[in-house]
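We name chains A, B, ... by the order of the sequence lines, and we start the count at 1 in each one. Just so you know, these numbers come straight off a predicted model, no measurement behind them.
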There are 2 protein chains.
Amino acid sequence: MGTRAETAAATRRALVRAATELLDEGGPDAVTLRAVGARAGVSRGAPYGHFTHKEHLLTRLAIDTWDALADDVRRLREDDGREPRERLEQALLALVELGRRHPHRYALMFGTPADDPESAAAASRVEEQFLALVTDAVGEQDALRYGALLMSGAHGIAGLELSGHLSEDKWQVSGDELVRMLVEGVAGNVP
Amino acid sequence: MGTRAETAAATRRALVRAATELLDEGGPDAVTLRAVGARAGVSRGAPYGHFTHKEHLLTRLAIDTWDALADDVRRLREDDGREPRERLEQALLALVELGRRHPHRYALMFGTPADDPESAAAASRVEEQFLALVTDAVGEQDALRYGALLMSGAHGIAGLELSGHLSEDKWQVSGDELVRMLVEGVAGNVP
DNA sequence: GATTTCGTGTGACGTTGTCATACGAACTAC
DNA sequence: GTAGTTCGTATGACAACGTCACACGAAATC
């Protein structure tokens, strides 16, 4: 890492890593450019050499999370040992689980309208992977409609869990069970 | 409005009103206590006489929106001219429509875990009203589970619409159609 | 070896949330 | 009616933040 381009790329990675850690540990308020710079071992102004403004850095975090999710779903798709419907259910559970494990990243992904084209592309890759699973499970006919319904359902379950509006005490049902009911209700009607 | 208590209450109302307008017009970033004070005709420090901190004021906005939604659903419930399933569908559509009409208020309601007990109570009132509609449509048995699933579905549809991940061009289906599919799939199985 | 490039450090500015303090008018008690 | 109290409001101040302008210095280019 002697060359300048290499150290600059390393700094950029360190910035993204620091921002991710700060977000996971302390939520969005903890992600200040000063703190990010400090944790990455650079000054408070250094991020501006790599990102135009703070939101640009946050968008990068969202893209990375989208991409990681796309990889997870892709791996699920390549697992031939399961029934299509079970793989579909696993993919929806992966989204809900992402919300549980990294709530602030999840909020970042869906928080604000994705105006950034790169972010939209990353989200599209997840949707493509997911849509293929839906097609395997319910057939090509109406896969789009069912896919939209399933994604909405899973996203709603994740969202209500995150905002604390899906207490198991109150509704007598867990998020995982809701995902199963969702798949059953949608894919069960289309044999 | 001569007495002091009256003018203070009027100021408080003006602050809430100003904050609501600023939120609707310019999103969360536009809601600064200075701007709220200015629009309400008071100084930047005046809000601290009525709310402990900024988040307290925002929580009040969320509660008011929850209460307005509860009223809407209650009115729907008292409309005896419709089939139970249609009223249920209307209630879910009301949630989605709230997201469309007041996206920033919607984000406020579900944005952060509702730690405030008053806010949780307001949300509970909506859930009670909604649960009664579900019971009318699918019976008392498993109404809780189906209610949770329907709420999740509607919330997910609203959320994906707000974040731009439910483009009709891509999925060949509108949010309203998804709500209908959701009610059909859930309430249709329980005659 | 001289010059250019560019990632980085630093100072500065405006804005924001929040607190301490001071003012003044409405309320209370005599 | 007057004196004292209460409390909503106005103002000054402070730290933290995002962001820009500028300067420095080492790597890259010739």
[N] [atom2] sits how many Å from [X] [atom1], rounded?
X: Leu22(A); N: dA16(D); atom1: CG; atom2: P; result: 16 Å
X: Leu15(B); N: dG8(D); atom1: CG; atom2: P; result: 13 Å
X: Leu33(A); N: dT8(C); atom1: CG; atom2: P; result: 14 Å
X: Arg34(A); N: dC20(D); atom1: CZ; atom2: C1'; result: 12 Å

- Message: According to a hydrophobic-cluster definition based on side-chain heavy atoms being under 4.5 Å apart (Ile, Leu, Val, Met, Phe, Trp, Tyr only), do Ile157(A) and Leu95(A) belong together?
- Response: yes
- 5' precedence on DNA chain C between Gly45(B) and Gly45(A) (nearest-nucleotide basis):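 Result: Gly45(A).
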- Task: Can you sort out which residues in residues 48-65 of chain B have a heavy atom within less than 4.0 Å of DNA chain C? Ascending by number, please.
- Result: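 DNA chain C contact set from residues 48-65 of chain B: Tyr48(B), His53(B), Lys54(B).
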Please tell me which of the listed nucleotides, [options], lies nearest to the side chain of [X]?
X: Thr11(A); options: dT8(C), dT9(D), dT18(C); answer: dT8(C)
X: Arg44(A); options: dG17(C), dG18(D), dA12(C); answer: dA12(C)
X: Thr3(B); options: dT18(C), dC27(C), dA12(C); answer: dC27(C)
X: Ala46(A); options: dT16(C), dA12(C), dT8(C); answer: dT8(C)

- Taking the side chain as every heavy atom from C-beta outward, state whether Trp171(B) and Leu131(A) have any pair of such atoms under 4.5 Å apart. yes
- Message: Need one value for Val31(B): base, sugar-phosphate or nothing, where a base atom within 4.0 Å counts as base even if backbone is also close, heavy atoms only.
- Response: sugar-phosphate
- Note on the structure: Note: for Asp29(A) and Ala8(B) on DNA chain D, the residue whose nearest nucleotide lies more 5' is Ala8(B)
- Between Trp66(B) and Phe110(B), how do the two ring planes meet: parallel, tilted or perpendicular, split at 30° and 60°? perpendicular
- Query: Parallel, tilted or perpendicular: which fits the ring planes of Phe51(B) and His56(B), with parallel below 30° and perpendicular above 60°?
  - Reply: perpendicular
- Task: Establish, with yes or no, whether the OP1 or OP2 oxygen of dG17(C) is under 4.0 angstrom from a side-chain nitrogen or oxygen of Thr32(B).
- Result: yes
- Query: What residue among His155(A), Glu161(A), Arg100(A), Arg101(A) forms side chain to side chain donor-acceptor pair (under 3.5 Å) with Tyr106(A)?
  - Reply: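 Single pass found, and it is His155(A).
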